[in-house]
Amino acid sequence: MKTRLLVVSLLALPVLASCAESGPPPRAEESGHGGQVWNEMEGEKLQALGAAGDAARGAITFEVCEGCHRNGGAGRVNGSYPRLAGQHAPVLIKQITDIRAGRRTNHKMVPFSGADVIGAQDIADIAAYLAAQPVTPDNGRGPGDDIERGGQLYARDCATCHGEFGKGAAARFYPRLSGQHYLYLLREARAIRNGERGNSNPEMVQAIKAYSDADLEAVSDFVSRLPPG
Amino acid sequence: MAVPLACAAPALAAPDPVETLATTVCQACHMSDGNSVVPQFPKLAGQQATYLEKQLADFLEGRRRNEVMEPFLSQVKARDIKELAAYYAAQVPGPGVVLDPELAEAGRRIYEDGNEGAGVPGCEACHQLQGEGNVRYPRLAGQHQAYTIQEMLDFRSGQRANDKGGLMRRISERLTDEEIRAVAEYIAGL
């Protein structure tokens with residue numbers, strides 16, 4: 001019953017209404033992080049998902065964020081800050097609310113995502129703004145020396161959720177990977193494999209837990225070369 | 001029969017009381033044209049009016065404290081704030097002066113890119129590339145090094161705590177003394 005209510009409430013969220021794919025997010029215990037449920041729908045995450053995001057207002061609120069994430073959320077090629085442009089709104093909302101709730105470990109971001117800086121409506125606005133930003137082909141790429149194997153790994157372990165072209169799935173909170181900077185992909189893949197990210201989808205952890213560093217590099221390199229659009 | 005007072009009014013309008021406030025009270029430190037010459041006192045010329053309004057209101061209501069400023073505050077009334085802010089916002093800022101170009105260059109990198117390792121955002125995102133600020137964030141361009149440094153240290157210690165969402169307090173905590181000096185040097189030349 002609880003699951004059915006969750007499905008109904010998710011389908012009613014405006015931000016998700018246009019997505020063809022829908023359904024409840026996976027629910028499973030994440031190992032090593034206090035037993036929290038992945039992507040539990042509660043509190044301000046629900047508020048932000050339910051709010052009608054205003055992209056014009058989001059552009060103004062995002063001003064502060066540009067000090068790190070650069071204009072339009074382009075991120076940095078050296079991977080220190082991710083590209084946010086073109087990311088799905090539900091994914092952005094999930095990550096911001098996870099960081100400020102302490103579910104995702106990111107101490108650099110914490111002071112800028114606090115409730116005294118941005119409210120649930122602001123988060124919805126920022127997400128609407130960023131989701132509408134173009135994904136440009138100038139993202140950082142990997143060294144290019146092991147792409148074929150990276151493609152095989154991607155097809156075997158990643159494409160089911162993130163899609164053949166890395167576009168993710170908004171309704172399931174799976175991030176777009178295409179157009180992301182190689183060094184950021186690699187950094188987060190390592191953190192997820194090592195159990196250091198905090199809010200990883202257990203299925204994602206499972207998919208790459210046996211990966212060597214070379215495997216992570218190969219698959220991140222492949223992903224960084226997917227068509228950005 | 002006495003002449004009605006209205007008829008006796010001079011052809012020239014009396015000086016605006018708020019302008020008089022600026023040219024008699026504020027000028028002691030900030031100068032009438034807002035281009036303070038004492039490094040401890042901030043330049044106000046060309047400052048964003050919204051920022052000046054907020055700071056004046058914060059001073060009057062105790063959210064920002066400054067022992068040099070306090071004795072003069074009794075002469076500023078809440079009703080004067082908007083006009084006083086507009087007066088200084090309309091003044092023309094003089095050129096800034098860089099004393100140490102090498103330090104300023106180090107400051108430019110922080111101003112434009114921040115410090116990725118420490119999680120310091122680039123200042124330019126809010127304060128704009130040329131430091132002119134906007135309706136939401138103050139102008140920094142051309143400000144005295146000493147004033148910028150003092151404010152950053154006050155944010156870091158919490159002595160100044162009237163920043164939006166504690167953003168400047170958090171950012172200043174992530175900057176070293178040397179980085180603060182550098183970025184203040186760069187701002188002085190904008």
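The chains referred to below are lettered A, B, ... by the order of the sequence lines, with proteins before strands, and numbering in each begins at 1. Because only heavy atoms are used, hydrogens play no part in the values below, and waters and symmetry mates are left out as well, while side chains stay in.
Listed here is the closest heavy atom pair of E66(A) and E124(B): O-OE2, 4.3 Å. Taking each heavy atom of L167(B) and F112(A) in turn, the nearest pair found is CD2-CD2, 3.4 Å. A pairwise comparison of heavy atoms in H107(A) and R174(B) identifies O-NH2, 2.8 Å as the closest pair. Heavy-atom minimum distance, Y81(A) versus N115(B): OH-O, 4.2 Å. Shortest non-hydrogen contact noted between A125(B) and G67(A) is CB-N, 3.1 Å.
We find the CD-CG distance between E63(A) and N134(B) to be 4.5 Å, quoted to the nearest 0.5 Å.
Counting non-hydrogen atoms of neighbouring residues, nucleotides and ligands closer than 6.0 angstrom, the CZ atom of R65(B) reaches no more than 12 such neighbours. Within a 6.0 Å sphere centred on NZ of K82(B), other residues, nucleotides and ligands contribute 12 heavy atoms or fewer.
Contact annotation for E112(B): only backbone heavy atoms (N, CA, C, O) come within less than 4.5 Å of a heavy atom of chain A.
Between chain A and the options E116(B), K164(B), E173(B), the largest number of non-hydrogen pairs under 4.5 Å is found for E116(B).
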